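Following: one structure in structure tokens, then a few remarks.
Given the structure is predicted, the values throughout are model-derived calculations rather than measurements. First the proteins, then the strands, lettered A, B, ... as listed; each starts at 1.
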Amino acid sequence: MSASTAVPGNARIIPCLDVDAGRVVKGINFVDLADAGDPVELASRYDQQGADEVVFLDITASSDRRETTVDLVHRTAEEVFIPFTIGGGIRTVDDARRLLRAGADKVSVNTAAVNRPELVAEIADEFGSQCVVASIDVRRSGVALSGGKPSMDVRRTGGGAFPFEVYTHGGRAPTGIDAVEYAIRITELGAGEILLTSMDRDGTRDGFDLELTRTIVEAVSVPVIASGGVGTLDHLVEGVLEGRADAVLAASVFHFGEHTVAEAKDYMAAAGIPVRPASA
Amino acid sequence: MSKPLIAVLDYGIGNLRSAQKSLDRMGADARLTADAGLIAEAAGVVLPGVGAFGPCMAALRHAGLDEQARIAAADGRPFLGICIGLQLLYEGSEEAPGVAGLGILPGTVRLLSGNVKRPQMQWNRLEVRTPSPLLEGLEDAWVYFVHSFAAPMAGNVAAVCDYGGPVAAAIADDNVWATQFHPEKSARPGLRLLENFVNCARAAADA
């Protein structure tokens with residue numbers, strides 16, 4: 001059975017909290033940052049609003065990051081009763097073990113897995129695939145999709161002979177790696193889920209890169225979380241119906257109170273998407 | 001109200017802390033432990049878990065907790081398996097051919113069938129088939145699942161979810177209860193289930 005023909009499940013809505021030194025920030029294209037509060041309080045609020053999961057992306061650069069991150073995970077495990085994922089700076093199985101033992105349900109790996117994909121296999125072998133999320137940051141390379149031109153403006157960046165290129169370092173560093181091949185390889189190694197971010201769209205509020213999302217969804221058999229570009233509730237709907245994502249991730253649209261998660265769920269349900277009701 | 005001692009079996013795998021903290025929240029004195037004395041003293045025993053059948057069963061044996069789990073299930077105390085902790089209760093699993101499970105419940109755990117993605121990684125709605133103290137208040141509740149394998153459909157399946165057909169979601173077999181979903185990750189309904197379990201443990205301890 002190919003995953004692309006599988007009956008769609010119940011879509012998940014996942015608020016993402018960018019965390020720096022224990023405080024929530026949201027980067028506009030990961031450059032301009034604005035403080036939006038305590039991560040545990042925010043995550044707990046999203047739990048109460050009916051969020052299906054929460055993702056923390058730790059962008060702390062300081063040397064004491066390990067302690068602040070483990071402390072954040074500890075506190076979250078005491079206050080939040082939905083699954084949560086922590087990502088950012090996880091380089092070794094030891095890093096993953098510390099966070100999982102502290103109470104995280106999943107760890108997401110990005111740059112370290114691009115550099116050494118076996119890291120995913122090592123974590124999956126010890127803790128199971130279900131707790132390893134491969135976070136993949138992608139930009140369009142400028143190469144047309146097979147069967148036609150890309151339907152959006154493209155930029156010439158990495159210059160590989162494929163339409164979607166993996167980037168690292170918050171979307172600044174091209175790798176020359178085909179995102180589709182990478183997604184297949186990393187799931188074969190044991191990633192249980194893919195968190196797919198369009199760095200072209202991240203922070204733009206123009207909506208997901210739907211072609212990118214659908215391309216990856218059709219290439220792998222594990223769930224795909226679409227990320228990057230949500231500015232309206234319609235974008236969430238498109239991510240599921242057109243991008244065929246299993247879950248949709250958003251940040252600023254929720255953080256600044258434009259919409260609650262409950263509103264997003266009602267909107268998606270009205271569009272015919274099966275979701276867990278916010279009141280459940 | 002007394003806080004019943006709940007032993008959460010600690011066999012060194014992923015996130016066990018969430019189960020402990022959630023039980024504490026719902027009125028228990030929950031301890032992550034591999035200590036036979038403490039487990040013997042507990043009013044209720046929880047076998048939590050995430051991960052694969054083979055490595056989890058090996059870790060359980062390595063910690064000497066396979067025997068402790070069998071003893072606790074056999075002596076009639078409230079016992080709760082969660083996720084892989086449910087699957088470990090059976091005789092074996094298609095996930096790890098040749099690896100013996102705890103054999104507390106009969107049958108083999110099998111791969112989810114049908115035209116569905118594996119794992120089921122989503123919230124899904126419970127359909128309670130057999131009322132049980134554990135499932136009180138959970139009729140039609142939405143709970144969080146992450147699994148690729150499932151328990152055999154037998155008379156002890158107390159609740160199902162629909163995932164390409166009915167899938168065993170909760171087991172009630174005398175004092176042995178188990179959930180395929182993660183109650184500690186299932187928001188209010190999950191906490192309600194854990195509260196039900198803590199209440200059963202308290203009642204058993206006071207009896």
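- Residue A:R101 forms a side chain to side chain contact (heavy atoms under 4.5 Å, CB included) with just one option from B:I13, B:L16, B:N15, and that option is B:L16.
- Heavy atoms closer than 4.5 Å to chain A are found in both the backbone and the side chain of B:N124.
- Between A:N10 and B:W142 the shortest heavy-atom distance is ND2-CZ3, 3.5 Å.
- Counting heavy-atom pairs closer than 4.5 Å to chain A, the top residue among B:S18, B:G51, B:G12 is B:G51.
- For chain A, the nearby part of B:D10 is the side chain; its heavy atoms alone come within less than 4.5 Å.
- In this structure, B:V50 and A:Q130 approach most closely via the heavy-atom pair CB-NE2, 3.5 Å.
- With respect to B:R17 and A:D105, no salt bridge is recorded, no charged nitrogen being found less than 4.0 Å from a carboxylate O.
- Of the atoms belonging to A:R276, heavy atoms from both backbone and side chain fall under 4.5 Å from chain B.
- The residue among A:E53, A:K106, A:E78 with the most heavy atom pairs within less than 4.5 Å of chain B is A:E78.
- Nearest heavy-atom pair across A:V80 and B:K185 is O-NZ, 4.2 Å.
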*Test side chain to side chain contact (heavy atoms under 4.5 Å, CB included) on A:F81 and B:S186 and set out the steps.*
CA-CA 6 Å; A:F81 301 101; B:S186 294; over 6 Å; no
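- Residue B:Q122 touches chain A through both its backbone and its side chain, counting heavy-atom pairs closer than 4.5 Å.
- Contacts of A:S279 with chain B are made by backbone atoms alone, with heavy-atom separations under 4.5 Å and no side-chain atom involved.
- The residue among A:A77, A:P83, A:A96, A:G103 with the most heavy atom pairs within less than 4.5 Å of chain B is A:P83.
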*Determine, stepwise, if the pair B:K117 / A:D246 fulfils side chain to side chain contact (heavy atoms under 4.5 Å, CB included).*
CA-CA 10 Å; B:K117 280 198 181 189; A:D246 300 278; 2.8 Å; yes
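- Proximity to chain A involves both the backbone and the side chain of B:A187, based on heavy atoms less than 4.5 angstrom apart.
- Only the side chain of A:D47 comes within less than 4.5 Å of a heavy atom of chain B; its backbone N, CA, C and O stay farther away.
- Residue contact with chain B, scored on non-hydrogen atoms closer than 4.5 Å, is absent for A:E126.
- Looking only at heavy-atom pairs under 4.5 Å with chain B, the residue among A:C131, A:A102, A:G128 that has the most is A:A102.
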_Worked check of side chain to side chain contact (heavy atoms under 4.5 Å, CB included) between A:E79 and B:R25_ = CA-CA 9 Å; A:E79 300 294 331; B:R25 170 71 62 111; 3.6 Å; yes
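- Residue contact with chain B, scored on non-hydrogen atoms closer than 4.5 Å, involves the backbone of A:D125 exclusively.
- For the atom pair OG (A:S129) and CE (B:M121), the distance works out to 9.0 Å, reported to the nearest 0.5 Å.
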